[in-house]
*Asks:* 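Below you'll find the structure I mean.
Small disclaimer: the values here were computed from a predicted structure and weren't measured.
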Amino acid sequence: MLCNIEKQTIEIKILPSDLTYMDSTSDSILNHKTIESRWSVKWSEAKLFESNPDPKKEKRYVTAAFPYPNSPQHIGHARTYATTDIYARYLRLKGYNVLFPMAFHVTGTPILAMAKRIAEGDRELFDIFENIYGIPPEQTKKLANPTDLVMHFSKEIEAGMKEMGFSIDWRRKFYSFDRHFGKFIQWQFRKLKSLGYLVQGEHPIAWCPKDNQAVGGHDTKGDIDPEMKDFTAIKFAYSDGKDDGYILTATLRPETIYAVTNIWINPTLSHVKARSKKTGEIYYIVKRAYEKMNFQGFELEIVEEFLGKHLIDLGKKAKNPITSDEIPIYPANYVKDDSGTGMVMSVPSHAPYDHVALVDMGIHLDYKPVVRVEGYKFMAKELIETLGIRNQFDPRLEDVVKEVYKKEILTGVMVLGPYKGEKVSTAIDKTKADMLTKKLAYPFWEINNKPVYCRCGAETVATILKNQWFIDYSQESWKEKTKECIASMTIIPEKTRSEYLYTIDWLKQKACARSQGLGTKFPFDEKLVIEALSDSTIYMAYYTIAHIITQIPESEIDDEFFDFVFLGKEPKNRSKISKEWKEAKESFLYWYPLDSRHSAGDLIRNHLPFFIFIHVAIFDKKFWPKQIATNGFVLMDGKKMSKSMGNILPLRKAIAEYGADVVRFSVVAGAELSSDTDFNRGVADGVRSRLELIMKLAKDFSVAKLPPCGRMEKWLLSRLHQRIKKSEKMYGQLAMRELALELFYEVFSDLQWYIKRSESVNLKHFLPIWSSLMSPFMPHYAQELWHLSGNNGFVSDFPKADEGLIDPILESGEELIIKVHGDIEKISNLIGKKPSKVTLYVASEWKRKLYALAKSIPNLSFELLMKSAAAEKMPMKEVQNVVKQIMKNLHSISAKLSQKEELEALSHGSTFFAKDYGCVIEVLTEEDGKHDKAKSALPDKPAIVIE
RNA sequence: GCAGGGGUGGCAGAGCGGUCAAAUGCGCCAGCUUGAGGGGCUGGUAGGUUAGUCCUUUCGAGUGUUCAAAUCACUUCCCCUGCACCA
């Protein structure tokens with residue numbers, strides 16, 4: 001029961017106009033800093049988020065992708081964590097024992113590269129630090145050591161997370177370069193190797209010849225990711241048999257080898273005759289290619305150097321290694337020496353340049369088509385002729401090349417050679433593989449988007465890493481197991497499921513070790529470091545023991561420890577099992593499997609599949625993850641945040657300005673989970689001012705001792721209890737946008753209506769429930785409200801919907817009042833005068849019956865309804881009019897209330913109408929009405945007469 | 001090209017067969033409130049029309065299914081993301 005005990009009542013009368021004080025500068029009593037720090041201190045003192053196994057309670061284990069501390073966090077990062085925290089807090093309210101841990105990922109090269117840039121005094125970086133993150137240059141200078149950098153930013157991030165009120169168990173914090181963690185990762189890799197998932201092979205990478213090391217995107221000027229392009233270097237012997245050297249041509253289209261007509265050599269460029277020290281083979285190539293080839297393991301030495309003209313002047317012919325055709329060698333000025341070997345096999349039927357060059361020379365040949373493309377016979381030739389391109393130097397030729405290559409490779413079908421009938425995309429690989437195995441050709445790599453410069457200034461080159469280690473995600477049985485896991489998981493949003501499956505299908509081998517970077521040493525080659533996407537796949541398991549394992553000296557940790565904890569295998573020597581071993585195992589068994597993994601949506605194509613792959617590889621099925629939820633980005637005023645645009649809003653700055661709860665709410669509430677959301681001042685201000693109104697109301701009126709049992713209090717509670725039911729489902733599905741609407745914006749309009757309608761305001765029963773419902777989103781303010789409304793302790797339960805308090809009649813009654821209120825307004829605007837008297841006529845009971853009748857008759861027609869009405873002995877003259885209306889809007893008619901109920905509601909509303917419009921209100925039944933209009937009353941739509 | 005997602009009002013973004021001229025927020029306009037501003041409140045925001053109504057056009061374009069389509073099917077155009085070794 002609602003109103004029983006409060007005896008002492010103090011009547012506080014307020015008018016809606018009294019509430020027009022939402023003054024954002026008057027937040028002395030609404031200071032978010034005070035409220036937020038008050039409660040975060042209390043939470044931390046109560047160790048509320050330090051979660052330990054408790055066999056009596058059901059657990060839920062949630063994690064979010066750990067941050068990479070090479071810069072402070074911005075509001076975009078906050079979205080994933082806020083989502084996770086909201087979910088974690090919701091689960092706690094539902095009574096679960098919830099674990100939400102956090103750590104820092106420092107693996108890889110970006111931090112190293114950044115520290116190096118600081119050491120070098122990189123202006124650009126110092127500017128970014130100063131202008132975007134507010135770090136003065138003197139301080140930046142001190143961060144030249146990678147560890148200092150990590151510590152500085154991780155502290156910053158941790159502070160931000162604490163300010164945000166994330167319910168994290170910080171005891172479990174670690175860094176991915178911690179040695180204890182390294183032991184765990186090495187164990188993981190030994191496991192993968194023993195399972196046959198670790199393989200070695202060749203791998204092309206970008207290389208800096210000056211620094212003598214591999215170059216990733218972070219190591220280049222302008223952070224450009226070097227892209228690798230694979231050529232095929234094909235050996236053309238001289239046909240006279242007198243020269244044992246090969247003209248080594250490089251091509252991207254090895255499948256066109258069947259239609260080579262000649263070889264192009266640029267007569268003006270420096271060429272060399274070079275001998276391989278490995279095989280003794282001799283190649284003719286441009287001089288610039290010689291250096292590049294040595295980076296790719298050809299081990300060449302120069303025998304002779306000359307201009308290309310020399311080779312042409314010999315007048316010899318070459319032999320096609322596949323078709324054995326004898327082909328001439330022609331000069332071509334368009335051939336450049338910065339790409340490939342500087343020697344080109346000419347395929348005029350498919351290469352636009354070759355065609356134009358031959359035409360230029362006045363040579364006419366019978367073209368052999370190798371590839372057929374819909375709509376063309378010789379695509380290259382036809383396009384050139386259509387465009388009227390006359391020589392090799394026409395800039396449009398470049399576009400033609402792109403167009404032809406794209407079309408032919410993507411849609412073309414082979415019409416020549418052993419792969420006749422196959423798609424070009426596969427024929428390229430097959431033809432190439434054939435030539436490679438027969439040693440008729442070699443792979444040759446080039447940086448596709450060159451020039452890419454290393455930060456040291458040198459241009460990067462392509463090189464081939466022998467013995468690169470891979471995790472072999474290509475194994476079919478492994479893929480199947482991974483898919484099995486996905487099938488058992490809840491994927492939020494569900495529509496991304498196919499993306500996971502697609503990614504799992506195309507994942508091949510993933511290079512997992514690098515020569516540099518922070519992190520864990522590769523156990524099978526200590527010169528290498530495990531790269532970042534490979535050491536972050538099962539670290540969620542490590543959290544469960546992170547605060548326990550550190551109690552064991554690192555030197556005593558071995559694979560048996562992890563086997564024992566994670567796989568349940570007893571060590572050979574059972575006396576090894578210490579208290580910590582047992583505790584760790586118990587903790588893992590309690591918390592695992594992971595119940596929900598949270599991350600940004602862009603990780604669906606790499607980290608998240610890896611996460612599942614490695615889990616299914618290593619852990620027992622009962623420890624496979626249960627759920628993944630991914631979210632979109634946060635835009636700043638509609639634009640993507642970026643360093644170059646300078647529109648990054650650092651999280652802590654946002655918190656200082658708006659307060660943690662407003663930021664939390666704003667970054668998750670604006671859009672559905674998976675789509676990008678916009679953060680802008682307007683939205684954040686709107687959230688803040690609403691929150692402030694509620695706080696103000698609470699402060700002033702929550703403790704008022706008047707009985708909160710009036711019609712409007714009941715209405716407010718009825719609405720709220722409806723929302724409890726709905727929101728529970730939404731929380732479970734992480735429907736952030738819907739929750740925000742349901743629990744915040746709509747509740748706010750309820751409150752506005754309530755204030756308008758009530759003689760006095762009393763939120764005593766409303767506030768505790770609402771604060772509990774909202775507490776996952778706005779934990780600090782919710783806690784404050786909980787406290788203000790006279791409750792002790794922490795918000796700790798999810799409210800239960802009380803069906804007995806849900807009153808549909810009451811709600812419909814208010815709906816009617818809202819509608820009539822609006823209608824009066826509309827009419828008086830329309831007739832252009834303020835009402836002095838308003839009379840409302842409530843429709844007769846028989847009209848409601850007629851409505852019900854209409855709804856109950858299948859395949860309703862005018863005649864049918866008239867007949868039925870006649871059978872019920874209704875007043876047929878009027879029935880005709882009503883039936884006409886019914887037939888028009890059959891789908892929208894409703895009569896939720898009886899005449900009596902409508903009458904009651906409107907009578908109650910009449911004092912409000914009278915006050916609001918400053919006029920006399922009369923509510924009558926249709927039958928009692930004298931006015932002509934009275935008859936036009938319909939259920940849910942009283943007739944209104946304004947005088 | 002392949003794979004995935006998407007095209008809705010000034011903007012963002014719901015809706016996914018009837019209650020839809022289309023939630024909500026932002027913006028804009030008008031009135032009120034306020035010392036001004038900010039803020040707040042009320043109403044409006046496709047066009048026309050009317051005592052709260054009704055009509056027409058509208059949800060990328062087109063065709064179809066249906067008594068009924070923003071919602072279903074087909075065709076077509078356009079946009080975004082990914083196609084890797086990068087955290």
*Asks:* Tell me what A:Y68 touches on the nucleic acid: a base, only sugar-phosphate, or nothing, going by heavy atoms under 4.0 Å.
*Replies:*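 Contact class for A:Y68: sugar-phosphate only.
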*Asks:* Touch check for A:L533, heavy atoms < 4.0 angstrom, all strands: base, sugar-phosphate only, or nothing?
*Replies:*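 The answer is base, as A:L533 lies within the cut-off (heavy atoms under 4.0 Å) of a base atom.
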*Asks:* Just call it for A:H607: base, sugar-phosphate, or nothing, with non-hydrogen atoms closer than 4.0 Å on any strand.
*Replies:* nothing
*Asks:* Taking the minimum atom-to-atom distance to the side chain of A:H105, which one of B:A51, B:U53, B:A87 wins?
*Replies:* B:A87
*Asks:* Between atom CD1 in A:I604 and atom P in B:U81, what is the gap in whole Å?
*Replies:*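 To the nearest whole Å, that distance equals 15 Å.
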*Asks:* Between A:N680 (CG) and B:G27 (P), how many Å, whole number?
*Replies:* 8 Å
*Asks:* For the aromatic rings, using the six-membered ring if either is Trp, is the centroid distance between A:F665 and A:F744 under 6.0 Å?
*Replies:* yes
*Asks:* Tell me the interatomic distance from A:D823, atom CG, to B:G43, atom C1', rounded to whole angstroms.
*Replies:* 14 Å
*Asks:* Just compare B:U42, B:G40, B:C85 and give me whichever is closest to any side-chain atom of A:K756.
*Replies:*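 Ranking B:U42, B:G40, B:C85 by closest atom to the A:K756 side chain puts B:U42 first.
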*Asks:* Do NZ/NE/NH1/NH2 and the carboxylate oxygens of A:K510 and A:E531 come within less than 4.0 Å?
*Replies:*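 A salt bridge links A:K510 with A:E531.
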*Asks:* Looking at A:T109, I'd like to know whether one of its side-chain N or O atoms comes within less than 4.0 Å of OP1 or OP2 on B:A87.
*Replies:* yes
*Asks:* Roughly how many Å apart are B:G62 and B:U57, using the P atom of each and rounding to a whole number?
*Replies:* 14 Å
*Asks:* Is the distance from the ring center of A:Y917 to that of A:H821 below 6.0 Å?
*Replies:*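 Close enough - the centres of the two rings lie under 6.0 Å apart.
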*Asks:* What distance, rounded to whole Å, do you find between the two P atoms, one in B:C26 and one in B:G38?
*Replies:*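 The answer is 16 Å between these two P atoms.
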*Asks:* Check whether A:Y405 forms a cation-pi arrangement with A:R253 (NZ or CZ under 6.0 Å from the six-membered ring centre, at most 45° off the ring normal).
*Replies:* yes
*Asks:* How many whole angstroms separate atom NZ of A:K941 from atom P of B:U53?
*Replies:*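 After rounding, the reported distance stands at 6 Å.
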*Asks:* Remember a base hit wins even if backbone is also touched, and classify A:D678 as base, sugar-phosphate or nothing at under 4.0 Å, heavy atoms.
*Replies:*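 No contact at all - A:D678 keeps every heavy atom at 4.0 Å or more from the nucleic acid.
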*Asks:* Is A:R723 salt-bridged to A:E742, cutoff N-O under 4.0 Å?
*Replies:* yes
*Asks:* Taking the side chain of A:K826 as its heavy atoms from C-beta onward, which of B:U53, B:A87, B:A84 lies nearest to it?
*Replies:*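 Among B:U53, B:A87, B:A84, the one nearest the side chain of A:K826 is B:U53.
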*Asks:* Could you tell me how far B:U81 sits from B:C72 if I compare only their P atoms? Round to whole Å.
*Replies:*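 26 Å, rounded to whole Å.
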*Asks:* Within this structure, what is the CG-CD distance for the pair A:D940 and A:E902, rounded to the nearest 0.5 Å?
*Replies:*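 The CD atom of A:E902 is 6.0 Å from CG of A:D940, to the nearest 0.5 Å.
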*Asks:* Once you round to the nearest 0.5 Å, how far does CG of A:L635 lie from OG1 of A:T677?
*Replies:*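 Here the rounded value is 7.5 Å.
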*Asks:* Kindly write out the residues that satisfy side chain to side chain donor-acceptor pair (under 3.5 Å) with A:W753, not counting sequence neighbours, or none if the list is empty.
*Replies:* A:E814
*Asks:* For A:K941, is there an ion pair with A:D823 - N to carboxylate O distance below 4.0 angstrom?
*Replies:*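 A:K941 and A:D823: not salt-bridged.
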*Asks:* If you assign A:I827 and A:T107 each to the RNA chain B nucleotide with the nearest heavy atom, which residue ends up on the more 5' nucleotide?
*Replies:* A:I827
*Asks:* Could you work out which one of B:A51, B:G4, B:A87 sits closest to the side chain of A:E499?
*Replies:*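 Nucleotide nearest to A:E499's side chain: B:G4.
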*Asks:* Considering only side-chain heavy atoms of A:K495, which listed nucleotide, B:C2, B:A84, B:G6, is closest?
*Replies:*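 Closest nucleotide among those given: B:G6.
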*Asks:* From C-beta outward on A:S498, which listed nucleotide comes closest to its side chain: B:C2, B:G5, B:C41?
*Replies:* B:G5
*Asks:* What nucleic acid atoms does A:A669 come within less than 4.0 Å of, heavy atoms only: base, sugar-phosphate, or nothing?
*Replies:*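 Result for A:A669 = nothing.
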*Asks:* Are A:F610 and A:Y473 near enough that their ring centres are under 6.0 Å apart?
*Replies:*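 Ring centres of A:Y473 and A:F610 closer than 6.0 Å.
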*Asks:* Show the distances under 3.5 angstrom between N or O atoms of the protein and N or O atoms of nucleotides 7-11 of chain B.
*Replies:*
none

*Asks:* Establish, with yes or no, whether the OP1 or OP2 oxygen of B:C85 is under 4.0 angstrom from a side-chain nitrogen or oxygen of A:Q468.
*Replies:* no
*Asks:* Which base sits across from B:A69 as a Watson-Crick or G-U pair, both distances under 3.5 Å?
*Replies:* none
*Asks:* Quickly work out the A:K884 NZ to B:C54 C1' distance and round it to whole Å.
*Replies:*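 To the nearest whole Å, that distance equals 15 Å.
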*Asks:* Do the ring centers of A:Y539 and A:F181 come within less than 6.0 Å of each other?
*Replies:*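 No, the ring centres sit 6.0 Å or more apart.
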*Asks:* Report which part of the nucleic acid A:V945 touches: base, sugar-phosphate, or nothing (heavy-atom distance under 4.0 Å, all strands).
*Replies:* base
*Asks:* Which one is paired to B:C41, where only Watson-Crick or G-U wobble pairs with both distances under 3.5 angstrom count?
*Replies:* B:G31
*Asks:* Atom CZ of A:R688 to atom P of B:G40: distance rounded to whole Å?
*Replies:*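 So the CZ-P distance, A:R688 to B:G40, works out to 11 Å.
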*Asks:* Using a 4.0 Å heavy-atom cut-off across all strands, classify A:I946 as base, sugar-phosphate, or nothing.
*Replies:* base
*Asks:* Under a 3.5 Å cut-off for both distances, is B:C83 Watson-Crick or wobble paired, and to whom?
*Replies:* B:G1
*Asks:* What integer number of Å spans the C1' atoms of B:G27 and B:U34?
*Replies:*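 Here B:G27 and B:U34 have their C1' atoms 23 Å from each other.
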*Asks:* Check every strand shown and say whether A:K819 touches a base, only sugar-phosphate, or nothing at a heavy-atom separation below 4.0 Å.
*Replies:* nothing
*Asks:* Taking the nucleotide of RNA chain B with the closest heavy atom to each, which residue, A:F470 or A:P942, is nearer the 5' end?
*Replies:* A:P942
*Asks:* What is the distance, rounded to the nearest whole Å, between atom CD of A:E692 and atom C1' of B:G38?
*Replies:*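 Distance check: A:E692 CD to B:G38 C1' gives 13 Å.
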*Asks:* Could you write nucleotides 14-24 of chain B as a row of B, S and -, 5' to 3', where a protein heavy atom under 4.0 Å of any base atom gives B, of only sugar-phosphate atoms gives S, and otherwise -?
*Replies:* S---BS---BB
*Asks:* Applying side-chain hydrogen bond (donor to acceptor under 3.5 Å, both in side chains) between A:T107 and each of A:S176, A:S534, A:S536, report the one that passes.
*Replies:* A:S176
*Asks:* Are A:R514 and B:A87 close enough that a side-chain N or O sits under 4.0 Å from OP1 or OP2?
*Replies:* yes
*Asks:* Quick check, are the ring centers of A:F470 and A:H203 under 6.0 angstrom apart?
*Replies:*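 A:F470 vs A:H203: aromatic centres under 6.0 Å.
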*Asks:* Which base sits across from B:U53 as a Watson-Crick or G-U pair, both distances under 3.5 Å?
*Replies:*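 B:U53 is paired with nothing.
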*Asks:* Can you check the A:E825 CD to B:C32 P distance for me, whole Å?
*Replies:*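 So the two atoms are 14 Å apart, to the nearest Å.
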